[in-house]
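Take a look at the structure below.
Basis for what follows: all heavy atoms, side chains included, without hydrogens, waters or symmetry-related copies. Every chain is numbered from 1, with letters handed out A, B, ... down the list of sequences.
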Amino acid sequence: MYTQAMDLAPKDERAALRSVEDAQLETRFEARIAQGDFIEAKDWMPEHYRKTLVRQISQHAHSEIVGMLPEGNWLTRAPTLKRKTIALAKVQDEAGHGLYLYAAAETLGTSRDQMFEALHSGRAKYSSIFNYPTLSWADMGVIGWLVDGAAIMNQVPLTRCSYAPYARAMVRICREESFHQRQGFESLLVMMKDGTAAQQAMVQESVNRWWWPSLMMFGPPDADSPNTAQSMRWGIKRLSNDELRQKFVDACVDQAGVLGVSLPDPELKWNEARGQHDFGAIDWAEFWRVVGGHGPCNTERLAARVAAWDDGAWVREAATVHAQKQALLEQAA
Amino acid sequence: MTMPSTSTQAEWPLWEVFVRPKAGLDHKHCGSLHAADAALAVQLARDVYTRRQEGVSVWVVRSSDITASDPGDKAMYFDPMADKVYRHPTFYELPAALDHM
């Protein structure tokens with residue numbers, strides 16, 4: 001998911017070139033990107049490209065990890081054993097996605113501990129969407145449909161990212177993400193087709209709460225996304241925030257129709273001339289508030305991550321000591 | 001026996017993971033992970049990389065134990081093969097009667 005990270009950073013200035021050799025390397029690098037080559041970890045790359053990727057990939061990883069928390073809220077309260085096993089598999093996938101991505105970021109020379117430290121200290125960001133609470137069972141379905149749907153929209157172009165380790169991780173993630181979206185939609189469909197009036201109302205209420213935050217997942221409008229142009233030139237980003245958001249809205253309108261729910265936007269309507277839907281203004285003040293740490297669950301989410309890390313310290317330590325002990329025994333034998 | 005000092009800040013070492021998708025195929029590199037030792041690395045590789053029957057066998061190797069060619073030497077190492085077309089069977093034009101040789 002979740003490439004908001006790039007948009008939240010201040011506009012980066014390119015570092016001054018230090019030598020003729022650097023200039024030649026950069027020209028060669030730009031040429032490789034221009035002809036669609038993939039860049040591997042050990043290849044020469046401009047410092048700015050490396051920095052941009054570390055920021056994007058690590059914050060993408062943080063989003064996957066923090067993204068386990070809203071759904072974790074319903075693991076023990078799923079209505080049936082079937083839904084519980086599905087939810088467990090999905091949350092386990094999110095952990096896996098976080099791990100693929102941390103590993104991809106590490107190929108750029110940052111360490112896992114540095115990334116965790118950045119998350120736990122509150123310096124690093126993760127997607128704003130996970131700072132909203134999961135108040136009803138329907139939220140589990142709506143997260144699958146809208147939040148994972150938005151994530152897929154965002155992530156599919158990243159499978160062609162110029163940085164190969166990231167692109168490879170995204171291929172694996174996209175394959176698994178499709179399950180997330182489909183299981184969510186299907187669980188909503190069951191409630192809308194066979195559910196009671198109260199269950200149907202629960203689904204609609206949930207859609208009403210998640211719709212706008214889902215649109216914010218694509219990040220600020222293109223005009224306010226200072227690093228987009230450079231990232232697109234470098235093939236780190238393939239489509240702009242507004243292009244992706246529009247694709248998402250267009251896809252969701254039909255899906256909402258199949259589901260039998262309405263989307264909470266009176267201005268949402270088909271624009272024949274554009275061949276796309278028009279939609280209402282997004283409350284960017286809310287977006288910046290949540291990103292700035294003042295969403296409904298920011299404090300709770302971060303506290304849960306820090307507690308998980310601290311509570312796991314003795315396990316990490318024990319495994320390390322065990323490994324050292326085994327190595328010594330082997331040496332002695 | 002004195003135990004080497006340890007701290008929770010010390011990162012577990014990095015391992016590269018190779019998975020054989022099914023019997024008869026090669027193990028293929030699929031990613032990396034951190035683990036305290038080889039046994040734990042195999043266990044974690046199963047959870048991280050084979051949640052959907054992606055494999056029937058896993059290899060792990062410490063990343064620091066891999067020796068790789070230098071990407072800076074790519075031209076010197078691999079490009080000389082580009083003009084050795086005679087190493088490929090298609091270089092040789094044979095009579096049509098021998099089409100399937």
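- Using a 4.0 Å cut-off between charged nitrogen and carboxylate oxygen, B:Arg62 and B:Glu16 do not count as a salt-bridge pair.
- Comment: A:Glu30 does not engage A:Arg233 in a salt bridge, judged by the lack of any side-chain N to carboxylate O separation of less than 4.0 angstrom.
- Between A:Phe116 and A:His120, the ring planes are parallel. Angles under 30° get that label, and only those over 60° would be called perpendicular.
- Looking at A:Gln92, both its backbone and its side chain come within 4.5 Å of chain B, counting heavy atoms on both sides.
- Taking the six-membered ring for Trp and thresholds of 30 and 60 degrees, A:Trp234 and A:Phe29 have ring planes more than 60 degrees apart, a perpendicular arrangement.
- Checked for salt-bridge contact, B:Lys74 and B:Asp79 miss the test: no charged N lies under 4.0 Å from a carboxylate O.
- Among B:Leu40, B:Asp37, B:Asp47, the residue with the largest count of heavy-atom pairs under 4.5 Å with chain A is B:Asp37.
- Under 4.0 Å is where a charged nitrogen must lie from a carboxylate oxygen, and between A:Lys42 and B:Asp70 no such pair does.
- Within residues 24-33 of chain B, the residues having any heavy atom less than 4.5 Å from a heavy atom of chain A are, in residue-number order, B:Cys30, B:Ser32.
- Interface residue A:Arg172: only side-chain heavy atoms are found under 4.5 Å from chain B.
- Listed by chain and residue number, A:Tyr163 satisfy the side chain to side chain donor-acceptor pair (under 3.5 Å) test with A:Thr107 (two or more places apart in sequence, or in another chain).
- Contact tally against chain B (heavy-atom pairs below 4.5 Å) for A:Glu176, A:Glu117, A:His322, A:Arg168: the top residue is A:Glu176.
- Expressed to the nearest 0.5 Å, how far CD of A:Glu21 lies from CD of A:Glu26 amounts to 13.0 Å.
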